[in-house]
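So the structure is just underneath, and the comments pick up after that.
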Amino acid sequence: MKKFLALILCMGFVLSLTACARVKADDLMSGIVPDKVETNVDLKNNTGLMDFAVELFKNAEENGENSLVSPFSVLCALAMTANGADKETLAQMEQALGMPIDELNEYIYAYTNSLAQGDKYKLSVANSIWFSDRADFVPNRDFLQTNANYYGAGIYKSDFGGSALDDINLWVKQNTNGMIDKIIDEIPEDAVMYLINALAFEAEWASIYERSDVNWGNFIKEDKTKQSADFMYAMEHSYLTDENAKGFIKYYSGGEYAFAALLPDEGVSLSDYVNSLTGEKLAEILANKQSETVRTSIPKFKSECSYLLNDCLKDMGMTDAFSGSLADFTKLGSMDDNSGLYINRVLHKTYIEVAEKGTKAGAVTAVELNCEGAMILPEDIKEVYLNRPFVYMIIDTNANLPLFIGTVTEI
């Protein structure tokens with residue numbers, strides 16, 4: 001049985017067509033003022049979160065397909081949901097998330113507030129809670145207050161049979177800079193709540209590629225077929241290695257975030273390499289980067305992925321949360337007829353574009369709750385050319401955590 005772990009983030013603004021659009025749902029934040037939160041958290045103490053990120057990535061990776069997940073986005077949406085769980089349901093969620101919920105709330109709050117921002121790099125996080133205006137459902141006030149305190153969650157009451165679908169997707173589009181335009185296609189009749197996290201990342205490279213740095217070449221897939229692609233060439237100075245792969249780190253402007261890549265050795269399949277990774281191993285690879293000059297190439301690429309994470313989370317041991325008869329979300333809210341609340345779907349979408357000037361990436365995670373029944377170069381120069389399937393990450397260089405992690409198997 002596979003384990004599982006994850007993470008999130010977000011940002012704002014939209015295209016001209018939606019710039020004047022407004023969410024029509026009732027914003028209930030006027031009645032819920034976030035309390036002041038004081039934390040004393042060691043952000044370097046994140047072993048469980050690194051495990052969470054790697055196991056989520058391994059569960060989502062499909063042999064032969066490009067993949068991309070944002071562990072932090074998934075973590076945030078599930079952590080907000082866990083604040084409404086109790087008893088065995090809560091215990092299973094805490095086991096899957098890698099930390100007791102009270103500690104996780106504090107960690108995510110401190111981590112989110114530590115994220116660096118600059119003129120040429122920006123990483124933003126947004127959270128929201130949407131609940132149905134049906135008369136038989138009453139959300140728990142303490143649950144809403146906790147998520148407002150630690151997650152800055154906007155809280156909306158909406159007609160799930162009317163404008164809610166458009167409102168939720170508009171919020172997603174606005175908080176991913178238009179990179180992801182929707183997360184849900186329909187709202188089931190028995191849905192009562194959505195807990196959503198959105199992330200947007202935009203950054204320029206510390207050293208932008210010039211036109212002369214870009215050349216045509218072949219990307220060789222695992223079946224040995226070739227695809228033509230534009231490759232961006234440069235010299236980098238952080239070399240990564242383990243017994244089955246080599247790689248490098250390329251920093252974004254300001255050095256607070258970086259692109260890290262790992263290229264499995266010839267004869268090692270991408271799938272086998274991914275399955276060999278653990279949180280501890282990946283943390284060790286990143287921590288043990290070597291100051292070496294590396295000739296590198298990165299193919300220009302764009303990727304979009306969508307996932308239903310239910311089975312991944314069940315494989316991690318989070319089974320009760322998805323059962324109408326076993327789930328205990330009594331701390332989240334109550335139904336007049338005592339119908340049980342349970343998680344119906346955990347939806348995750350990601351987007352990334354890597355080009356000469358920098359990178360844009362976005363992620364959204366939605367937890368749907370339903371009711372039951374209802375230079376001078378050295379002599380030794382390394383070379384890492386990403387011209388065949390590889391693993392890549394966008395990492396926060398302060399905590400050394402992967403905000404995004406994925407694979408490129410084809411261009």
Does [X] [atom1] have over 12 foreign heavy atoms under 6.0 Å away?
{"X": "Glu189", "atom1": "CD", "answer": "no"}
{"X": "Lys281", "atom1": "NZ", "answer": "yes"}
{"X": "Asp119", "atom1": "CG", "answer": "no"}
{"X": "Gln290", "atom1": "CD", "answer": "yes"}
{"X": "Glu280", "atom1": "CD", "answer": "no"}

Exam field: side chain [X] to backbone [Y], donor-acceptor pair closer than 3.5 Å:
{"X": "His348", "Y": "Val364", "result": "yes"}
{"X": "Asn175", "Y": "Ala126", "result": "no"}
{"X": "Thr350", "Y": "Leu68", "result": "yes"}
{"X": "Thr296", "Y": "Ala234", "result": "yes"}
{"X": "Asn288", "Y": "Glu284", "result": "yes"}
{"X": "Asn218", "Y": "Ile220", "result": "no"}
{"X": "Asn177", "Y": "Met179", "result": "no"}
{"X": "Glu202", "Y": "Tyr121", "result": "no"}
{"X": "Asp328", "Y": "Thr330", "result": "yes"}
{"X": "Asn169", "Y": "Ile183", "result": "yes"}

Would Tyr307 and Asn59 count as a side chain to side chain donor-acceptor pair (under 3.5 Å) here? Give the steps.
CA-CA 11 Å; Tyr307 302 96; Asn59 275 277; over 6 Å; no
Are any of the side-chain nitrogens in Glu61 or Lys58 under 4.0 Å away from the carboxylate oxygens of its partner?
no
What's the separation between atom [atom1] in [X] and atom [atom2] in [Y], rounded to the nearest 0.5 Å?
{"X": "Leu270", "Y": "Leu263", "atom1": "CG", "atom2": "CG", "value": "9.0 Å"}
{"X": "Lys331", "Y": "Asp86", "atom1": "NZ", "atom2": "CG", "value": "5.0 Å"}
{"X": "Tyr239", "Y": "Lys289", "atom1": "OH", "atom2": "NZ", "value": "15.5 Å"}
{"X": "Ile101", "Y": "Glu106", "atom1": "CD1", "atom2": "CD", "value": "11.0 Å"}
{"X": "Tyr251", "Y": "His237", "atom1": "OH", "atom2": "NE2", "value": "11.0 Å"}
{"X": "Asn147", "Y": "Cys76", "atom1": "CG", "atom2": "SG", "value": "10.5 Å"}

Show the nearest heavy-atom pair for residues [X] and [Y], with the distance to one decimal.
{"X": "Thr397", "Y": "Gly255", "answer": "OG1-O, 2.7 Å"}
{"X": "Asn344", "Y": "Pro188", "answer": "ND2-CG, 4.2 Å"}
{"X": "Val192", "Y": "Phe137", "answer": "O-CE2, 4.2 Å"}
{"X": "Ala116", "Y": "Tyr257", "answer": "O-OH, 2.8 Å"}
{"X": "Asn149", "Y": "Val37", "answer": "O-CG2, 3.7 Å"}
{"X": "Ile196", "Y": "Met80", "answer": "O-CE, 3.7 Å"}

Heavy-atom side-chain contact between [X] and [Y] under 4.5 Å:
{"X": "Leu262", "Y": "Ile285", "result": "yes"}
{"X": "Thr409", "Y": "Glu222", "result": "no"}
{"X": "Leu309", "Y": "Leu56", "result": "yes"}
{"X": "Leu115", "Y": "Phe201", "result": "no"}
{"X": "Lys357", "Y": "Ile208", "result": "yes"}
{"X": "Val354", "Y": "Tyr392", "result": "no"}
{"X": "Leu282", "Y": "Met393", "result": "yes"}
{"X": "Asn215", "Y": "Phe231", "result": "no"}

Can you classify the ring geometry of Trp205 versus Phe259 as parallel (below 30°), tilted (30 to 60°) or perpendicular (above 60°)?
perpendicular
For the residue pair Phe329 and Phe143, is the inter-centroid distance of their aromatic rings smaller than 6.0 Å?
no
Partners of Glu410 by salt bridge (charged side-chain N to carboxylate O under 4.0 Å, His left out), sequence neighbours excluded?
Lys221
For a quick check under 3.5 Å, do Asp320 and Tyr342 share a side-chain donor-acceptor pair by atom type?
no
Hydrogens and angles aside, do Asp181 and Tyr351 bring a side-chain donor and acceptor to less than 3.5 Å of each other?
no
Using the six-membered ring of Tyr209, assess whether NZ or CZ of Lys250 lies under 6.0 Å from its centre and within 45 degrees of the ring axis.
yes
Check for me whether Lys382 meets the cation-pi criterion with Phe248, that is, NZ or CZ under 6.0 Å from the six-membered ring centre and within 45 degrees of the ring axis.
no
Mind running side chain to side chain donor-acceptor pair (under 3.5 Å) on Asn83 and Tyr150 for me, showing each step along the way?
CA-CA 11 Å; Asn83 280 309; Tyr150 290 97; over 6 Å; no
Could you walk me through whether Val69 and Val74 pass side-chain contact (heavy atoms from CB on, under 4.5 Å), step by step?
CA-CA 9 Å; Val69 294; Val74 178; 5.8 Å; no
Could you walk me through whether Ser271 and Asn275 satisfy the side-chain contact (heavy atoms from CB on, under 4.5 Å) test, starting with their C-alpha distance in whole Å, then the side-chain angles of each, then the deciding distance to 0.1 Å, before giving a yes or no?
CA-CA 6 Å; Ser271 182; Asn275 286 328; 3.7 Å; yes
Pair Tyr111, Val41 - check side-chain contact (heavy atoms from CB on, under 4.5 Å), show working.
CA-CA 9 Å; Tyr111 181 74; Val41 174; over 6 Å; no
Consider side-chain contact (heavy atoms from CB on, under 4.5 Å). Of Asn46, Leu43, Leu286, which one does Asn400 pass it with?
Leu286
Trace of the side-chain contact (heavy atoms from CB on, under 4.5 Å) decision for Phe57 with Thr407
CA-CA 9 Å; Phe57 167 55; Thr407 59; 3.5 Å; yes
Tyr156 vs Ser128, test: side chain to side chain donor-acceptor pair (under 3.5 Å). Steps then yes/no.
CA-CA 8 Å; Tyr156 301 94; Ser128 61; over 6 Å; no
